[in-house]
Protein chains: 2
Amino acid sequence: MTVTADACPGSCTEVAERAWVQLIRAHRSALCSVEKALRAAELPPLEWYDVLLELEREGPLRSRDLQERLLLAQYNLSRLVDRMEAEGLIERTRCSDDARCQWIRTTTAGDALRQRMWPVYADAIRTAVESRLTKPQAAQLGELLARLSNCPKA
Amino acid sequence: MTVTADACPGSCTEVAERAWVQLIRAHRSALCSVEKALRAAELPPLEWYDVLLELEREGPLRSRDLQERLLLAQYNLSRLVDRMEAEGLIERTRCSDDARCQWIRTTTAGDALRQRMWPVYADAIRTAVESRLTKPQAAQLGELLARLSNCPKA
DNA sequence: ATTATTTAGATGCAAGTGCATATATAAGTC
DNA sequence: GACTTATATATGCACTTGCATCTAAATAAT
């Protein structure tokens with residue numbers, strides 16, 4: 001079991017292990033190149049985009065929900081929201097019915113940033129995925145991966 | 001394009017995008033549970049295992065090679081090796097022929113740690129992968145992912 | 001109503017990460 | 001051989017992450 005590519009060509013590595021290893025490798029390699037592309041374009045990290053898109057698609061969300069959707073840790077989202085709020089990309093407002101909650105919504109600046117990020121992001125995805133897999137392969141990959149991230153309860 | 005699970009059921013999301021999103025999600029969710037399992041067992045992070053295994057399988061390696069195999073950034077590996085050396089798990093020795101290089105090798109303690117980590121790691125992988133995919137599915141997933149991490153040149 | 005429990009979110013601190021750059025050595029050029 | 005360029009690794013600094021814990025508000029229990 002390694003994170004290495006050439007893990008005993010043949011059968012010394014169990015299939016599940018191999019899938020796992022390749023998952024880590026593919027993620028490292030793909031994510032790294034996407035992040036680099038964003039930085040090169042002087043754009044913020046990927047997560048910022050995810051937050052903005054999620055808010056744009058779902059409308060204002062509570063921290064809790066955003067956190068769940070993005071699979072982020074509570075404290076990480078909290079601080080991510082801090083940073084993005086400081087940049088004027090999103091806003092927090094207290095819920096009226098539950099004073100513990102808050103609604104998070106995008107601002108105009110947030111929407112604008114999201115739109116500037118998309119082309120760079122999309123291009124990076126094309127390089128990372130589209131250029132290496134046929135359409136049916138990509139579709140199947142998506143299917144298989146989805147099973148891994150689905151909550152057991154779901 | 002989101003990191004969210006329910007991205008427009010149907011066709012509004014391109015297949016490559018979906019694969020990408022699911023890659024991120026699957027990785028987050030799986031890695032997170034593995035790391036938690038390791039911490040719960042008071043074991044060091046995953047990478048430590050990867051380094052140790054790689055060294056055990058390939059024998060002493062130069063930093064550069066280890067870095068490439070594990071897809072780690074140079075400065076990250078440098079510091080990872082610092083930490084592991086400080087714990088007595090690996091050793092650095094200068095190459096005789098090229099004074100810039102160094103050989104990295106495991107120690108007895110390193111081997112012992114690796115062996116203690118494996119059961120926990122293996123179990124976490126089983127939970128994360130084996131329980132969610134059939135054997136052929138896992139095999140195919142491994143195949144598809146491998147294409148994503150293969151260097152273009154390879 | 002009063003207290004205990006749970007839930008939403010924030011935060012101090014230690015550790016890890018990325019960037020840019022430094023150091024040292026090797027290789028190539030003139 | 002002095003001078004530039006490339007390679008292997010380390011490091012200062014700012015920022016991010018994880019852990020544990022804290023506060024505040026809502027629910028449940030008595």
Side-chain angles (χ1 to χ4, degrees), chain A residues 24 27-29 31-51 55 60-87 90-105, chain B residues 24 27-29 31-51 60-87 89-105:
Chain A
I24 295 184
H27 179 268
R28 252 180 226 176
S29 133
L31 192 76
C32 188
S33 66
V34 170
E35 290 284 13
K36 259 181 199 142
L38 288 171
R39 269 193 278 264
E42 306 203 29
L43 292 168
L46 210 41
E47 297 158 335
W48 290 41
Y49 181 86
D50 292 332
V51 167
L55 291 174
L61 286 171
R62 292 178 306 147
S63 268
R64 191 79 226 313
D65 299 328
L66 198 48
Q67 172 197 328
E68 213 158 68
R69 284 172 168 274
L70 301 179
L71 298 182
L72 292 175
Q74 179 269 315
Y75 48 83
N76 274 342
L77 179 62
S78 174
R79 287 190 269 219
L80 176 54
V81 168
D82 284 348
R83 282 171 243 146
M84 294 181 69
E85 191 183 33
E87 298 291 328
I90 58 180
E91 289 177 339
R92 288 191 245 223
T93 48
R94 286 276 156 204
C95 299
S96 46
D97 56 325
D98 185 339
R100 292 170 306 180
C101 296
Q102 56 193 335
W103 292 106
I104 302 178
R105 73 187 66 238
Chain B
I24 295 184
H27 178 267
R28 253 180 224 175
S29 133
L31 192 75
C32 189
S33 65
V34 170
E35 290 283 13
K36 261 182 196 142
L38 287 171
R39 269 186 222 125
E42 309 203 28
L43 292 168
L46 210 42
E47 296 159 327
W48 290 41
Y49 182 86
D50 291 332
V51 168
L61 286 171
R62 293 177 305 147
S63 268
R64 189 82 226 311
D65 299 328
L66 199 47
Q67 171 197 328
E68 211 158 70
R69 283 171 168 275
L70 301 179
L71 299 181
L72 292 175
Q74 179 269 315
Y75 48 82
N76 274 343
L77 179 62
S78 174
R79 288 191 269 220
L80 176 54
V81 169
D82 283 348
R83 283 171 243 144
M84 294 182 68
E85 191 182 33
E87 297 291 326
L89 301 167
I90 57 181
E91 289 177 340
R92 289 192 244 225
T93 48
R94 287 277 155 202
C95 299
S96 46
D97 54 326
D98 184 339
R100 294 170 303 181
C101 297
Q102 57 193 333
W103 290 106
I104 302 179
R105 71 188 66 238

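Every chain is numbered from 1 and lettered A, B, ... according to where its sequence line falls, protein lines coming before strand lines. Reckoned from all heavy atoms, side chains included, excluding hydrogens, waters and symmetry mates. As the structure is a computational prediction, the values presented were derived from the model and not from experiment.
For the pair B:R83 (side chain) and B:W48 (backbone), a donor-acceptor distance under 3.5 Å is absent. Side chain of A:R94 to backbone of A:R100: a donor-acceptor contact under 3.5 angstrom is found.
Here the P atom of nucleotide D:dG18 and the CZ atom of B:R28 are 10 Å apart, to the nearest Å. In this structure, the CD atom of A:E42 is 10 Å from the P atom of C:dA20, given to the nearest Å. Atom P of nucleotide C:dA10 and atom CD of A:Q74 are separated by 7 Å, given to the nearest angstrom. Look at CZ on B:R39: it is 11 Å from C1' on C:dA15, rounded to the nearest Å. A:L66 has its CG atom 13 Å from the C1' atom of C:dG9, to the nearest Å. Put simply, CG on B:L77 is 16 Å from P on C:dC19, counting in whole angstrom units. Between the CG atom of A:L46 and the P atom of C:dG18 there is a distance of 14 Å, rounded to whole Å. Atoms CG (A:L31) and C1' (C:dT17) sit 13 Å apart, rounded to a whole Å.
With sequence neighbours excluded, no residue forms a salt bridge (Lys or Arg N to Asp or Glu O under 4.0 Å) with A:R39.
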Between the protein and nucleotides 1-8 of chain D, which nitrogen or oxygen pairs are less than 3.5 angstrom apart?
{"unit_1": "D:dT7", "atom_1": "O2", "unit_2": "B:R100", "atom_2": "NH1", "d": "2.9"}

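Residue A:Q67 is the one, among B:E47 and A:Q67, whose nearest nucleotide of DNA chain C lies closer to the 5' end (criterion: closest heavy atom). Projected onto DNA chain C by closest heavy-atom contact, A:K36 and B:W48 fall at different nucleotides, the more 5' of which corresponds to B:W48. With the nearest nucleotide of DNA chain D identified for both B:S78 and A:A73, B:S78 has the one nearer the 5' end.
One finds a salt bridge joining A:R64 and A:E68 here, because a Lys/Arg side-chain nitrogen approaches an Asp/Glu carboxylate oxygen to under 4.0 Å.
If you take CD on A:Q102 and OG1 on A:T93, they are separated by 8.0 Å, rounding to the nearest 0.5 Å.
In this model, the phosphate group of C:dC19 is approached by a side-chain N or O of B:Y75 to a distance below 4.0 Å at OP1 or OP2. Dashed line: the shortest gap from a side-chain N or O of B:N76 to OP1 or OP2 of C:dG16 is not under 4.0 Å.
In this structure, A:D97 reaches the sugar-phosphate backbone alone: every heavy-atom distance under 4.0 Å involves primed, P, OP1 or OP2 atoms, never a base. Using a 4.0 Å heavy-atom distance criterion, A:R92 is classed as a sugar-phosphate-only contact.
Of all the residues in residues 79-87 of chain A, A:R79 reach under 4.0 Å from DNA chain C with at least one non-hydrogen atom.
What you find for B:A73 and B:Q67 is that their closest heavy atoms are C-CG, 4.3 Å.
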